[in-house]
Each structure stands twice: as C-alpha cells, then as structure tokens.
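Quick one: the structure is below, questions incoming.
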Protein chains: 2
Amino acid sequence: MADKVTIADVARVAGVSRQTVSNVLNTPDVVREETRRRVLDVVGELGYRVNQAARQMRTGRSRLIAIRIDPDRDGINGSVLDRFLHGLTDSAARSGYRVLLYTADDDRTEIATFEDLLGAYEPDGFVLTGTHHQDPRASWLLGKGVPFVTFGRPWGEESEARHPWVDVDGAAGTAAATRHLLDAGHSRIGFLGWPTGSGVGDDRREGWARTLAEAGIDPSGLSRATSDAVADGEAAARDLIDSDPGVTALVCVSDSLAVGGLHAARSPGLAWRVDTRPDLPIAVIGFDDTPVAKAVGLTSLSQPLKEAAASCVSLLARALDGTQTSQAPVLLEPSLVVRQSA
Amino acid sequence: MADKVTIADVARVAGVSRQTVSNVLNTPDVVREETRRRVLDVVGELGYRVNQAARQMRTGRSRLIAIRIDPDRDGINGSVLDRFLHGLTDSAARSGYRVLLYTADDDRTEIATFEDLLGAYEPDGFVLTGTHHQDPRASWLLGKGVPFVTFGRPWGEESEARHPWVDVDGAAGTAAATRHLLDAGHSRIGFLGWPTGSGVGDDRREGWARTLAEAGIDPSGLSRATSDAVADGEAAARDLIDSDPGVTALVCVSDSLAVGGLHAARSPGLAWRVDTRPDLPIAVIGFDDTPVAKAVGLTSLSQPLKEAAASCVSLLARALDGTQTSQAPVLLEPSLVVRQSA
DNA sequence: ATGAAAGCGCTAACAA
DNA sequence: TTGTTAGCGCTTTCAT
C-alpha cells in the first residue's frame with residue numbers, strides 16, 4: 001500500500017498548522033506568498049494528495065460524475081458511446097472530476113440506481129444519454145434537485161430550458177449529406193429512417209426532407225422507415241429502389257441501415273441500374289461514422305463526440321460551481337466524412 | 001437534494017444504538033433475529049444507504065475498481081473494450097463495487113494516474129487491459145502492494161504467478177478456425193497477422209500454425225505480418241494470394257485485417273480463382289467478432305467478454321476479501337461465429 | 001496571516 | 001446481545 005500522507009504530515013514538515021495547509025490548497029490567496037510556496041514544496045516532496053473521502057465528508061462534494069454504460073444493443077452504434085465516454089473521462093479529469101459507471105436495463109432501474117448511488121457514493125452530477133420523449137429520469141433528477149446534463153436534447157415540448165443539454169444537430173447533418181448528393185448530380189435522393197416517434201430519427205429525416213424540398217424536389221414517397229438492423233435496411237432500400245426506379249442515392253439515419261442500403265445497392269439484382277446511369281452508381285450516406293463505415297468505405301456523418309463530452313463536463317461543472325440559474329444549451333454540427341460510397 | 005438519512009436516524013426510529021444498526025449491516029449474525037428484522041425494516045422504510053465516504057474513512061476500503069478507457073486507436077476493435085466495460089460494471093455492481101474510469105496515453109502517465117487515484121479516491125483495486133512484455137504498470141502495482149487483475153496474461157516469462165489474470169485463449173481460437181476451414185475442404189490456409197513480438201498476435205498465429213502442421217500441411221510461407229489496418233490487410237492478402245495461388249482461405253489475427261482480406265479475396269483481379277475452384281471461394285475468418293464482422297458477414301472468433309469481466313471481478317474481489325495468497329488464472333475459449341465469409 | 005476546535009457518518013475496540 | 005467511546009482526514013467556524 002502507498003504510505004498515507006496526510007495534511008498533518010505536510011503541516012509538520014512545513015512547520016505550519018494543518019489549517020494553513022488546507023488554506024494553501026483551497027484558498028491560496030489568503031496565505032502569504034512565502035508560506036504558500038514552502039507548503040507547496042512540501043506537498044510535492046511528500047507526494048501529498050487530498051483524500052477525497054475526508055474532503056467529501058466535510059464539503060459534501062464527491063467530485064464524481066456518474067454515467068450509464070449501455071449493453072450494446074445492435075452493437076454497430078456502440079462505438080459512439082465508447083468514444084463519448086473516453087472524451088468525458090478526459091474532460092472530467094481536466095476539471096478535477098472522475099467518472100463513475102453504472103448500468104441499468106430501463107428507466108425504472110436507472111432511477112433506482114440513482115437512489116443507490118446518491119445514497120452511497122454521492123456523485124455530484126449525472127450525464128444522461130439516450131434521452132427520449134417524457135423521460136422520467138430527467139423529471140426524477142429535477143425533482144430531487146440533483147444536477148445533471150443530458151447528451152441529447154429534451155425531446156418533450158415545453159421542458160426546453162429546465163436543464164442544461166448538449167446535442168448534435170442531426171437535421172443539419174442530413175441536410176449537409178443531401179446537399180452533398182445534390183451537388184454530385186443526384187436528384188431523387190431517398191431516406192432510410194426509423195419509425196416516426198423517436199426524436200433523433202425524426203430530426204434527421206427532417207433535414208433531408210427540408211433540403212430536398214428547397215431544391216424543388218418533392219420528398220413524398222422517397223422515405224422508408226424500419227428498425228435499426230442491417231437486414232432491415234437492405235429490405236427497405238430494395239423496396240424503395242424497386243418502387244421508384246429514379247432513386248440514385250440514399251441518406252440513412254444510421255450506419256446500420258446504410259450498410260444494408262449499400263448491400264442492396266451493390267446487389268446483382270440491381271445491376272441493370274448501372275446501364276441506365278453508368279456514370280452514377282447508387283450512392284449511400286450513413287450516420288455516426290462508426291468503425292463499420294470506415295471498414296466498408298461508407299460515407300457517413302461524424303458526430304463531434306469529444307467536443308460534446310467536453311461541453312457536458314463544462315455545463316455540469318458550471319452548474320456545480322456557481323449558482324448558475326439556467327444555461328444555454330449546446331448544439332454541435334456533425335461533419336461529413338466522404339468515402340467511396342458517395 | 002435527497003434528504004440525508006444517517007445511521008443515527010435509523011437507530012433512533014428503530015429504538016437501538018447506532019452501533020447495533022452498523023452490526024445489522026456488517027455483522028448480521030451477531031444481532032438478535034428480532035432486532036435485526038426491526039432494523040432492516042426501518043432501513044427499507046427510510047431508504048437508508050451506507051455512506052461510502054464515511055465508511056471508507058473508517059475501513060480504508062472505497063469499494064471502487066479503477067480501469068482505463070482507451071482512446072480507440074483504429075476504432076475497429078474499440079467495441080471489445082466497450083463490451084468488456086459493460087460486463088465489468090455489471091459484475092462489479094453485483095459484488096458491491098463500482099467502476100471508476102481514467103485515461104492515460106502510455107504506461108508512464110498511467111502510473112502517474114495510479115498515484116493520483118490512490119492518493120485521492122483510494123480505489124481498492126485496478127483492472128489492467130492491454131498487457132504487454134515487461135509491463136511496468138504491473139511491476140509498479142506489485143511494488144506498492146496494490147491489488148489488481150489483468151485482462152491479458154503476463155506475457156513476460158517467469159512472472160507467471162505474481163498476480164491474478166484472466167485471458168482468452170487466442171491460440172485455441174485460431175486453431176478452431178483453422179480446423180473449421182480444414183473440415184470445409186480447404187488445405188492451403190493462410191494467416192494474416194501482426195509483426196512478431198506482440199504476445200497476443202504470436203499466440204494467435206501459433207494456434208493456426210500448429211493446427212495446419214497437425215494436418216500435415218507446412219505453414220511456411222503461408223503467413224504475412226502487418227500493422228492492424230484494413231488497407232494493410234488487403235495488401236498483405238493480395239501479396240500472399242499472388243505468391244501462392246493455392247491459397248483458398250485466410251485466418252486473421254483481427255477483424256480489421258480480415259476485412260482487408262475480404263476485400264482482396266472479392267476483388268475483380270482475383271476473379272480467375274473462381275474458375276480454378278468455382279466451388280470454393282476464398283474464405284476469410286477474423287478475430288473479435290466486432291460489429292464490423294456482423295455488418296459485412298465475416299466469420300469471426302468471439303471472445304466471451306462478459307465471462308472475462310465477471311472473472312476479473314471475482315478474482316479481484318477474492319484478493320480484496322481474504323488473504324488469498326495466489327490465485328489460479330482464468331483462461332477462456334473464444335467461440336467461432338460462422339457467417340457467409342467461411 | 002495563522003492556529004485551535006469541532007464535527008461530517010461511520011465502524012473497531014471495548015464496556016456493560 | 002447491545003451501548004459507549006474514539007477517531008479516520010478534512011474544512012468551516014471562530015479566535016488569535
């Protein structure tokens with residue numbers, strides 16, 4: 001075990017009282033320059049670190065941020081959380097916080113875990129991901145007065161400004177993707193999305209539809225909705241292309257569906273399209289820029305996860321520090337990573 | 001904020017002393033049945049939770065396990081850590097531990113983080129991943145007497161039994177993959193690996209070579225080594241197939257290289273091979289069963305990450321509980337997930 | 001600018 | 001079997 005160095009050891013070696021050491025650490029400006037320097041030297045020499053448990057007992061602050069780690073559902077999008085987590089851990093450390101992990105299968109068990117965690121480890125705040133309509137987790141934390149940030153905007157209507165949030169502008173992303181395809185000469189651009197009702201999915205569809213409409217193209221009939229699996233994406237793409245032979249490009253709500261779309265677009269059954277427009281193979285664009293996209297050469301929209309994580313920490317830290325009433329949300333733009341598929 | 005319920009509140013409501021409540025929680029068998037029940041009822045009623053910070057000050061135990069989260073290098077294998085982390089968080093929670101995250105760029109900074117963490121949050125133990133030859137992190141922790149488990153065996157020679165470890169038997173995996181290909185009628189089976197020197201890579205190559213030799217096939221000249229990127233895998237596969245036209249299958253050290261191999265195997269330049277053996281397209285098998293494998297239909301070896309994580313927690317918990325001198329390591333077998341590619 | 005006292009919530013040791 | 005005492009390491013009064 002590491003030999004425990006306490007504030008008393010530092011005080012003794014530096015020839016001051018324990019309180020003075022504490023002051024140097026927490027209220028440096030109240031200590032005389034010379035004393036401060038001497039104390040800091042001893043701190044470095046002895047490798048002294050403030051003991052969190054003791055500090056927490058006094059101050060009630062744990063300097064812990066809790067976040068849930070999901071069981072990777074489909075798996076294909078798991079790497080998004082992975083990269084976000086890394087960014088969060090990194091940013092948190094820079095602000096003097098550590099990240100505590102927990103799991104939960106649904107909102108109910110997650111709220112139960114909130115209680116557990118708050119009672120035992122007392123995290124100073126939470127970062128919520130995967131927000132949805134009527135999210136009971138946000139209401140619960142709001143009710144208890146526990147600070148939190150969501151990565152994902154509050155999709156419910158009016159609750160807009162009740163808590164800080166960070167999100168990536170999905171509509172801006174699909175709009176950029178659609179514009180990219182229009183510029184490349186495509187006109188009948190289809191959309192592979194999720195069923196209406198998920199805020200994220202609807203938002204991404206909206207960006208595509210709006211951009212198409214702005215270009216004078218009616219998006220009606222060019223959209224298909226399905227669950228988020230490769231096979232589903234392939235079927236939906238097939239259906240769309242079969243029903244509208246003019247379709248030469250697909251914008252997709254996720255890389256999973258895009259990979260399915262790519263399969264359909266490259267399948268022998270559709271080879272005749274190469275004859276129709278040999279200069280213009282069916283283009284496909286995905287969302288999230290997962291490792292899969294990179295591996296199969298899929299053009300995709302990349303979320304600025306590092307920045308998003310940094311923004312979450314910054315908003316949370318500010319909420320914890322001051323008595324910040326309400327904070328402006330942060331909306332970041334995804335960027336298009338162009339590869340062979342478009 | 002949640003209204004803080006302390007042990008004193010429980011004691012008062014239950015009409016006992018604080019110590020009795022503590023006994024009920026920590027040494028139940030020393031308390032009279034009736035008293036215990038009454039106290040537990042009050043605990044449930046009041047929603048009391050033991051405050052970790054206070055307990056930690058007394059016992060010196062934080063019930064925290066620390067693990068590093070990597071910046072996803074290539075990204076394609078990032079999901080392995082992701083799934084392992086989830087399993088670890090889940091298993092830890094079942095044993096009354098929480099997982100604390102940290103980042104580090106290399107061994108040196110990771111060791112510095114050990115000091116930070118041990119001084120401040122005092123995690124009870126560490127889980128080390130990505131172990132390698134002469135790992136200074138293990139030596140450092142060993143030197144300080146800090147409990148830890150590694151996910152990955154100690155690749156250095158003699159240090160075998162100096163700390164508990166869990167690993168997946170890579171050689172057994174590639175052996176199974178090679179056997180699968182032999183059974184399917186392949187004989188000249190190539191291997192796409194990493195440069196010699198990485199324990200993991202050498203181990204996986206060994207399983208392939210051994211199995212081929214056992215089948216009476218000389219593995220010489222059938223192996224290529226390269227860094228872990230899709231493009232490198234493609235080039236290596238092309239080189240191997242060009243130099244040995246008899247090659248009809250590839251076992252790969254990673255999904256990244258396998259995806260590259262798949263590209264090469266399916267490329268037009270190699271179409272002539274279909275004429276030579278039209279019944280036997282070039283088969284490819286990867287390692288790690290990442291989402292990419294699933295997306296592109298790649299047969300791959302799946303690591304039992306949930307079990308591995310559970311074993312890590314179990315070994316660490318045992319090391320923390322008793323005065324277990326040394327513990328038998330855990331070596332788990334990967335399983336072959338068969339898809340279109342083989 | 002510095003020091004002394006008190007107490008955060010808990011449990012190990014001891015007393016009853 | 002249950003209760004009392006003390007103290008883990010720190011910071012927030014308050015006094016010097």
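In what follows, chains are A, B, ... by sequence order, proteins preceding strands, each numbered from 1.
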Report summary line: Here the distance between atom C1' of D:dC8 and atom CE of B:M57, to the nearest Å, is 4 Å
Query - Within 6.0 angstrom of A:R37 CZ, more than 12 heavy atoms from elsewhere - result: no
Report summary line: Considering only heavy side-chain atoms of A:A54, the closest of D:dT13, D:dG9, C:dG9 is D:dG9
Query raised in the report: Could you state the CZ-P distance from B:R18 to C:dA12, rounded to the nearest angstrom?
Result: 14 Å
Report task. Measure the CG-CG distance between B:L64 and B:L117 for me, rounded to the nearest 0.5 Å. Result -> 8.0 Å
Requested in this report: Measure the distance from CZ on B:R61 to C1' on D:dC8 and round it to the nearest whole Å.
Outcome: 16 Å
Query raised in the report: What's the CD1-C1' distance between A:I7 and D:dG7, to the nearest Å?
Result: 16 Å
Report task. Kindly say whether the aromatic ring centers of A:F151 and A:W165 come within a distance under 6.0 Å. Result -> no
Query raised in the report: At under 4.0 Å, does any side-chain N or O of B:T20 touch on OP1 or OP2 of D:dG3?
Result: yes
Query - C:dT11 OP1/OP2 closer than 4.0 Å to side-chain N/O of B:R55 - result: yes
Report summary line: Contact check, residues 23-41 of chain A vs DNA chain D, heavy-atom distance under 4.0 Å, returns A:N26
Query raised in the report: Rounded to whole angstrom units, what separation is found between the CD atom of B:Q56 and the P atom of C:dG9?
Result: 16 Å
Query raised in the report: Under the side-chain contact (heavy atoms from CB on, under 4.5 Å) test, which residues partner A:P28, sequence neighbours left out?
Result: A:R36
Query raised in the report: Atom CZ of B:R55 and atom CD1 of B:I7: how far apart are they, to the nearest 0.5 Å?
Result: 8.5 Å
Query raised in the report: Is the shortest side-chain N to carboxylate O distance from A:D124 to A:R63 below 4.0 Å?
Result: no
Report task. Round to a whole Å and report the spacing from CZ of B:R12 to P of C:dG9. Result -> 12 Å
Query raised in the report: Where the side chain of B:N51 is defined as all heavy atoms beyond and including C-beta, which of C:dG9, C:dT11, C:dG3 is the nearest nucleotide?
Result: C:dG9
Query raised in the report: How far apart are the closest heavy atoms of B:A317 and B:Y97, and which atoms are they?
Result: CB-CE1, 4.3 Å
Requested in this report: Take the protein atom CZ of B:R63 and the nucleotide atom P of C:dT11, then report the distance between them rounded to whole Å.
Outcome: 12 Å
Query raised in the report: How far apart are the C-alpha atoms of A:S17 and A:T20, what are their side-chain angles, what is the distance that settles it, and do they pass the side-chain hydrogen bond (donor to acceptor under 3.5 Å, both in side chains) test?
Result: CA-CA 5 Å; A:S17 75; A:T20 299; 3.2 Å; yes
Query - Between C:dG7 (P) and B:R58 (CZ): distance, integer Å - result: 18 Å
Report summary line: Axis-to-axis angle across the helix from C:dA1-D:dT16 to C:dA16-D:dT1, five pairs each end, nearest 10 degrees, ~ 40°
Report task. Rounded to the nearest 0.5 Å, what's the gap from NE2 on B:H86 to OG on B:S91? Could you check? Result -> 9.5 Å
